[in-house]
Protein chains: 2
Amino acid sequence: MRHPDDDSFADDRSTPDGLLQTADRALQVLLCFDRERTEWGVTEIAEEFGFNKSIAQRLLATLAHRGFLIADADTRRYRIGPSAMAVGRAWERSGSLRTMVEPILRELSAKTGASAILAVPDNLHMRAVAAVDGSDGPLRMYPLVGELYPAHAGATSKAFYAYLPAQQRQLLFAGRPVARFTDRTVTEAGALEADFLQIRQQGYAATVGEYDSHVAAVAVLVSVRGEPYGSLSLAGPEESFDHPEQHVPLLRHAAQQIERRLTGRLRARKD
Amino acid sequence: MRHPDDDSFADDRSTPDGLLQTADRALQVLLCFDRERTEWGVTEIAEEFGFNKSIAQRLLATLAHRGFLIADADTRRYRIGPSAMAVGRAWERSGSLRTMVEPILRELSAKTGASAILAVPDNLHMRAVAAVDGSDGPLRMYPLVGELYPAHAGATSKAFYAYLPAQQRQLLFAGRPVARFTDRTVTEAGALEADFLQIRQQGYAATVGEYDSHVAAVAVLVSVRGEPYGSLSLAGPEESFDHPEQHVPLLRHAAQQIERRLTGRLRARKD
DNA sequence: CGCCGTCGTGTCATAATGAGCAACGACTTC
DNA sequence: GAAGTCGTTGCTCATTATGACACGACGGCG
């Protein structure tokens with residue numbers, strides 16, 4: 001699905017004028033090492049993009065030379081390499097994620113009065129990577145950003161973990177016992193599965209006091225490039241944050257904005 | 001410093017035969033958005049690499065077109081972009097870090113009998129990203145990988161956090177009170193600073209029972225591209241793991257191996 | 001307020017470079 | 001053992017990147 005003012009990008013595969021075809025192709029190739037396909041061979045790349053085999057071979061070799069790919073010596077297939085880690089770390093360090101999504105969170109918060117939080121999964125938890133306090137003042141003493149939420153409690157976590165493959169969801173109960181934070185925390189496997197099912201069906205998660213007592217929250221899944229990325233949530237004091245579900249359309253819209261900003265190509269050409 | 005069998009890489013800046021110059025240049029440019037330099041302009045890139053301005057401009061525009069960079073509309077300077085996140089996530093998903101490092105850890109463990117752990121910083125903790133259990137059997141019931149260690153307790157953490165800028169080290173005491181895990185945990189700011197100083201002076205951290213009672217550990221800093229990346233540690237039961245310091249040279253050597261594997265370009269050309 | 005210096009962008013001729021073709025060798029499969 | 005697949009490499013041609021130059025915008029300085 002495309003945004004209206006995206007139409008200047010004629011085709012993903014073709015290189016616009018004024019740009020370097022070879023470099024562009026290399027980057028395209030690099031990006032196709034994604035969740036769906038983690039390994040590629042020379043011929044596969046050639047077919048995927050309609051390149052000649054020699055082009056594919058040289059592109060892959062160049063990417064490998066700079067460490068963006070690693071060539072499996074046995075299978076002669078390529079996987080993602082350590083330079084991907086280097087640029088990924090550069091991205092994290094840059095803090096651009098926060099600055100890119102904070103305007104969206106600010107708008108959410110302004111329209112609802114609640115705190116807005118973008119969180120990403122992290123070792124059976126969710127980590128707040130960007131947040132804006134609501135007009136009722138901060139929910140906590142300490143800053144929201146960096147906070148970890150357990151996978152099984154609260155809308156922020158449940159909106160994400162509900163969409164995990166069933167097998168991975170089992171992990172929530174595989175290790176140590178599921179912690180109880182309040183008397184409303186859901187700790188029983190069956191009940192949690194039922195919640196997840198409902199979340200998938202209605203497309204959002206709404207919880208009250210599951211992690212922090214007196215905090216109500218509503219959250220939706222955020223996907224990037226079609227893959228679950230994190231969750232976007234609104235949270236506020238149980239007393240004043242009325243009918244959180246009413247904000248689901250707003251959340252959905254904001255989630256799409258975030259997805260768009262995190263899916264590459266922005267301000268590539270002057271408009 | 002180069003490894004003996006690295007000599008086929010004549011020069012970082014020149015593109016070997018059989019590779020694509022333009023793609024290689026684009027990747028070089030992408031990699032220079034690192035800790036030291038997070039923003040580059042067209043002219044700066046041109047000077048840095050000896051390119052013509054037009055080349056630099058097109059390289060940057062191409063990288064931006066695919067979302068690897070973002071152009072600041074006002075300053076016309078470039079920063080790292082969301083596609084860097086995409087490939088970084090692909091790297092994490094691939095689990096290559098573990099498979100690349102585990103042979104080294106296995107060798108460490110085999111030579112010492114202790115458990116070997118590679119950990120990276122994570123929100124004032126250290127996270128074990130790869131580990132091999134020692135011959136005395138596992139230290140814990142649950143797997144080492146994924147484990148979080150607090151920043152102020154244990155060699156694994158201290159070997160890393162000792163090298164943080166003093167200002168950032170203050171954060172350890174800025175938030176909640178420093179937790180005490182055993183009677184040997186160092187919780188006083190002055191004493192911890194003294195430990196950090198000693199660690200920097202001797203080049204390694206050695207602790208006994210600071211986090212887990214009855215566990216002795218020794219650790220060294222791991223740097224990638226000259227920047228602190230994580231720590232490499234050996235840990236074993238206090239009773240049987242004698243004179244952990246004796247293994248520091250071994251640890252140093254292994255840390256260098258890891259650094260080399262994580263600094264790109266492996267098996268780029270057949271040897 | 002206007003000048004100059006700097007920076008990013010665009011143009012154009014040139015030739016260097018990447019594209020495509022085809023052949024080879026290694027390996028797998030039947 | 002033969003046929004097919006895959007990755008690699010040499011070679012030729014022209015597509016494409018290159019670099020010198022010029023333009024316009026911006027900002028700092030006099």
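This one's a predicted model, so the numbers in the text were calculated from it and none came from an experiment.
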Point to revise | A:Arg37/A:Glu48 salt bridge by N-O under 4.0 Å criterion | key: no
Review point. Once you round it to whole Å, what is the distance between C1' of D:dT16 and CG of B:Asp24?
Key: 17 Å
Review point. Between B:Arg76 and C:dT6, is there a side-chain N or O to OP1/OP2 distance below 4.0 Å?
Key: no
Review point. In Å, rounded to the nearest 0.5 Å, how long is the span from CG of A:Leu221 to CZ of A:Arg252?
Key: 10.5 Å
Check your understanding: Rounded to whole angstroms, how far apart are CG on B:Asp74 and P on D:dA25?
Key -> 17 Å
Exercise for review: Could you state the atom-to-atom distance from NZ of B:Lys53 to P of D:dA22 in whole Å?
Suggested key: 13 Å
Check your understanding: Taking only side-chain nitrogens and oxygens of A:Gln21, does any of them come within less than 4.0 Å of OP1 or OP2 of C:dA19?
Key -> yes
Practice item. To the nearest Å, give me how far apart CZ (B:Arg58) and C1' (C:dC12) are. Key: 11 Å
Review point. Think B:Ser54 has a side-chain N or O under 4.0 angstrom from the OP1 or OP2 of D:dA20?
Key: no
**Study point:** Derivation and outcome, side chain to side chain contact (heavy atoms under 4.5 Å, CB included), residues B:Ile80 and B:Leu30
**Key:** CA-CA 8 Å; B:Ile80 196 82; B:Leu30 179 55; 3.9 Å; yes
Practice item. Could you grab the distance from atom CG of B:Asp34 to atom CD of B:Glu227, nearest 0.5 Å is fine? Key: 7.5 Å
Point to revise | Phosphate-side-chain proximity, B:Gln57 and C:dT9, N/O vs OP1/OP2 below 4.0 Å | key: yes
**Study point:** Estimated bend of the helix from C:dC1-D:dG30 to C:dC30-D:dG1 (axis per five terminal pairs, rounded to 10 degrees)
**Key:** 40°
Check your understanding: What's the CZ-C1' distance between B:Arg77 and C:dG8, to the nearest Å?
Key -> 12 Å
Check your understanding: Are B:Ser96 and A:Arg79 close enough that a side-chain donor and a side-chain acceptor fall under 3.5 Å?
Key -> yes
**Study point:** Side chain proximity check, A:Pro82 to A:Ile70, heavy atoms < 4.5 angstrom
**Key:** yes
Exercise for review: Assign B:Leu20 to base, sugar-phosphate, or nothing according to its heavy-atom contacts below 4.0 angstrom with the strands shown.
Suggested key: sugar-phosphate
Practice item. Tell me whether the OP1 or OP2 atom of D:dT18 has a side-chain N or O from B:Arg25 closer than 4.0 Å. Key: yes
Point to revise | Integer-rounded Å distance: D:dG19 P and B:Leu59 CG | key: 10 Å
Review point. Rounded to whole angstrom units, what separation is found between the CD1 atom of B:Ile55 and the P atom of D:dA20?
Key: 10 Å
Exercise for review: Specify the residues of residues 37-45 of chain A, ordered by number, for which at least one heavy atom lies under 4.0 angstrom from an atom of DNA chain D.
Suggested key: A:Gly41, A:Val42, A:Thr43
Point to revise | Closest non-hydrogen atom pair between B:Ala84 and B:Phe68, with its separation | key: N-CD2, 4.1 Å
Point to revise | Separation of atom CG in A:Asn52 from atom P in D:dT9, rounded to whole Å | key: 15 Å
Practice item. Return the minimal non-hydrogen interatomic distance between B:Leu19 and A:Ala61, and the atom names on each side. Key: CD1-CB, 4.0 Å
**Study point:** Which atom of A:Leu108 lies closest to which atom of A:Ala254, heavy atoms considered
**Key:** CD1-CB, 3.8 Å
